[in-house]
Amino acid sequence: MKENNNIPNISADKFTLVGSDRLSHDVKFDTKPRSYIHDAFLRFCKNKGSVVAAIVIILLVLFAIIAPWCTPYTVGYYDNTYLGTLPKSKLFANTNFWDGCSKVKEGQLNFSYYYWMGEELNISNEGGVGHYAIKNQQYEQTDDNFYTYRLDTYHMHGCQYLQMTPERYEMIQTYQDETGNQVLYPTLRVKDRPTDMHFQKDANYYYVTKSVNGKPNPVLDANGNITPAYWSATAENLNDGYHSLRVEGQDGFEKDGETYFYVYSRPVAGGDVEVRLNYYEYYKYYHSYELKDGITEPSFLFGATAEGKDIFVNLASGARFSFIFAICIAAVNMFIGAIYGAIAGYYGGITDLAMERITDILAAVPTMIVITLLKYHMMESSQILILFIAFIVTGWIGMASSTRMQFYRYKNQEYVLAARTLGAKDSRIIWKHIFPNALGTLVTSCALVIPSMIFSETSLTYLGIIDLQSGNITSVGTLIAVGQPKLREFPHIVAFPSVFLALLMLSFNLFGNGLRDAFNPSLRGTEG
């Protein structure tokens with residue numbers, strides 16, 4: 001054999017034996033292994049936009065869960081007087097922001113109407129509270145004889161005529177004595193009220209007026225003051241049953257040599273009495289003294305709808321319904337779609353061909369047709385049940401398609417072939433080997449299905465196809481639909497649910513993109 005001269009000649013004393021305890025592969029690792037979920041979480045946290053979106057989603061969910069418990073109002077509550085009332089927060093009571101007032105510029109007639117209303121209701125009895133339709137009675141007069149002021153939408157209604165039983169009339173007087181709050185005010189004879197029929201039932205014309213162009217105008221004295229037209233009677237003729245707090249002149253006033261007192265009620269047919277009352281104070285009495293429902297005064301944080309409903313509790317309850325509904329729909333669709341898509345993708349061939357034709361047929365049926373048919377055949381059923389079934393009929397198809405594609409991607413991988421070679425059953429290969437690898441894409445798809453369901457449900461309720469405005473159930477879409485006709489007059493009715501919906505859609509899209517990048521980095525930057 002030919003000698004190989006390329007082998008170096010190394011002496012044996014240069015070699016040192018290494019003990020088995022010093023082998024490098026026996027050295028313990030300094031770091032801990034990461035799980036798949038932990039690694040995905042770390043990748044998700046690096047996406048700042050997705051983290052912010054997740055925080056916004058959490059805040060919106062907390063709002064939907066907690067907000068209904070933070071207000072005495074309910075979804076079924078409404079008030080026919082406080083229609084379209086502006087948002088009000090006690091934190092901004094002394095500012096010109098979020099105080100329930102709107103800045104207006106009006107002529108002399110409208111200005112005087114609210115000004116004299118505030119002058120009457122600014123009663124200073126013991127414990128009494130003044131109520132100004134014009135905030136703090138502060139205003140500015142312009143050169144063109146117009147007045148600029150902030151109109152309080154909670155006090156702008158002033159007084160109202162109301163018929164009630166003698167028992168309630170007595171209860172209100174008891175309430176006045178206990179709290180010191182003036183609810184009842186002197187009434188007027190029918191003949192002393194404005195002659196114009198349209199204004200005759202307006203209880204805020206408590207003074208002498210004259211009709212000009214079909215509208216009552218106050219008759220001012222030489223000092224520019226009004227002349228009250230309260231109904232008065234002598235002690236002998238006073239038969240109104242009133243014995244509680246009285247406005248100025250409660251001890252009587254001299255007239256034609258006799259002492260007169262203001263009259264507070266007028267008998268009407270049926271044994272009832274007609275009274276003139278400050279609606280703001282009557283609202284407080286009715287809710288705190290009769291209903292005892294926890295409402296102490298009218299105050300709507302997000303304002304009231306055109307139907308007199310509290311927007312805050314309706315938006316929170318509608319959001320809660322939307323979240324629960326969308327999550328249930330997404331869970332059911334994911335369950336059905338994952339099983340269907342896994343079978344079609346794993347077995348392929350004729351099985352896949354037949355199952356795909358079924359999904360093609362179902363996908364070709366518009367959701368609107370499904371809802372229409374369900375409403376026609378399930379008239380007596382709940383609107384929620386109809387909506388639920390309609391979204392289930394075809395909603396799982398997208399999830400099934402995603403699952404099928406993932407199974408085609410992974411079913412021929414080496415580890416799947418190895419498992420099959422070792423005798424693993426099809427069910428084990430599907431759920432233990434392939435499905436966990438497809439989970440990232442499915443979770444992302446499921447996260448994006450939730451806002452899609454919310455948007456679809458909102459669109460259907462907004463268009464009136466599904467009516468959820470009944471009882472203690474409402475929807476974000478219903479709120480927008482109710483406010484749309486009053487958009488120019490009361491924009492806040494649409495503003496709050498629209499902002500909520502916009503934040504939800506944007507946040508879920510960013511959140512879904514973050515999940516996609518975290519669970520499947522190979523799809524980073526693609527449209528999910």
Side-chain angles (χ1 to χ4, degrees), residues 41 44-71 73 75 86-89 91-92 97-98 300-306 309-331 387 391 443-463 466 468-469 473-484 486-487 490-518 527-528:
F41 177 75
F44 179 82
C45 291
K46 293 179 180 179
N47 191 330
K48 296 181 180 179
S50 298
V51 172
V52 173
I55 294 174
V56 173
I57 293 173
I58 292 173
L59 292 177
L60 294 178
V61 172
L62 290 176
F63 167 75
I65 296 174
I66 299 174
W69 303 99
C70 299
T71 174
Y73 297 105
V75 176
L86 296 180
K88 180 180 180 181
S89 173
L91 296 175
F92 305 101
F97 172 75
W98 213 301
F300 308 107
L301 186 62
F302 287 176
T305 67
K309 295 187 174 185
D310 179 48
I311 296 177
F312 180 79
V313 70
N314 275 266
L315 178 58
S317 299
R320 178 191 292 182
F321 166 77
S322 296
F323 278 124
I324 295 175
F325 179 81
I327 291 173
C328 291
I329 290 291
L387 197 61
F391 283 144
V443 168
T444 303
S445 300
C446 188
L448 293 177
V449 163
I450 294 176
S452 175
M453 290 295 104
I454 294 177
F455 188 78
S456 298
E457 172 262 322
T458 301
S459 300
L460 292 172
T461 52
Y462 170 75
L463 295 174
I466 296 294
L468 297 178
Q469 195 175 6
I473 299 176
T474 189
S475 167
V476 178
T478 301
L479 285 176
I480 299 176
V482 169
Q484 193 268 338
K486 303 287 185 179
L487 183 59
F490 307 121
H492 67 280
I493 300 177
V494 175
F496 287 102
S498 298
V499 169
F500 173 85
L501 190 61
L503 283 175
L504 187 66
M505 294 296 105
L506 179 61
S507 299
F508 258 111
N509 281 324
L510 293 175
F511 179 72
N513 290 337
L515 285 181
R516 178 203 60 205
D517 295 343
E527 294 296 328

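Keep in mind the model is a prediction, meaning the values are calculated, not measured. Below, each value reflects all heavy atoms present in this structure, side chains not excepted, and no hydrogens, waters or symmetry copies.
Looking at every heavy atom in both residues, Met453 comes nearest to Phe391 through SD-CG, 3.9 Å. Minimum interatomic distance between Ile454 and Ala326 (heavy atoms only, all atoms of both residues): CG1-CB, 3.5 Å. The two atoms that bring Thr305 and Ile311 nearest to each other are CG2-CG1, 3.6 Å, heavy atoms only.
For the side chain to side chain donor-acceptor pair (under 3.5 Å) test, residues two or more places apart in sequence or in another chain that qualify with Thr461 are Ser475. Under the rule for a side chain to side chain contact (heavy atoms under 4.5 Å, CB included), the partners of Leu91 that lie at least two apart in sequence or sit in another chain are Ser89. Residues satisfying the side chain to side chain contact (heavy atoms under 4.5 Å, CB included) criterion with Ala54, sequence neighbours excluded, are Phe44, Phe511. Every residue meeting the side chain to side chain donor-acceptor pair (under 3.5 Å) condition with Ser50, not counting sequence neighbours, appears here in chain and number order: Asn47.
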How far apart are the C-alpha atoms of Leu315 and Leu479, what are their side-chain angles, what is the distance that settles it, and do they pass the side-chain contact (heavy atoms from CB on, under 4.5 Å) test? CA-CA 7 Å; Leu315 178 58; Leu479 285 176; 3.9 Å; yes

List the steps, then state whether side-chain contact (heavy atoms from CB on, under 4.5 Å) holds for Thr478 with Tyr462. CA-CA 5 Å; Thr478 301; Tyr462 170 75; over 6 Å; no

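In this structure, the side chains of Leu510 and Val52 stay at 4.5 Å or more apart for every pair of heavy atoms. Residues Phe302 and Trp98 meet the side-chain proximity criterion, which asks for heavy atoms closer than 4.5 Å.
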Please list every donor-acceptor pair under 3.5 Å in which a side-chain atom of residues 491-506 meets a protein atom from a residue at least two apart or in another chain.
from: His492; atom 1: NE2; to: Thr85; atom 2: O; distance (Å): 3.0
from: His492; atom 1: NE2; to: Ala304; atom 2: O; distance (Å): 3.3
from: Ser498; atom 1: OG; to: Val494; atom 2: O; distance (Å): 2.7

Expected list for residues 316-324: side-chain donor-acceptor pairs under 3.5 angstrom, two or more places apart:
from: Ser317; atom 1: OG; to: Val313; atom 2: O; distance (Å): 2.9
from: Arg320; atom 1: NE; to: Ala64; atom 2: O; distance (Å): 3.2
from: Arg320; atom 1: NH2; to: Ile65; atom 2: O; distance (Å): 2.9
from: Ser322; atom 1: OG; to: Gly318; atom 2: O; distance (Å): 3.0
from: Ser322; atom 1: OG; to: Glu457; atom 2: OE1; distance (Å): 2.9

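Within a 6.0 Å sphere centred on CZ of Phe92, heavy atoms belonging to other residues, nucleotides or ligands number more than 12.
The aromatic rings of Phe312 and Phe63 sit perpendicular to each other, their planes meeting at more than 60°, with 30° as the lower class boundary.
Note: Ser452 OG to Ile329 CD1 = 11.0 Å, rounded to the nearest 0.5 Å. The line from CZ of Phe325 to CD1 of Ile450 is 12.5 Å long, rounded to the nearest 0.5 Å.
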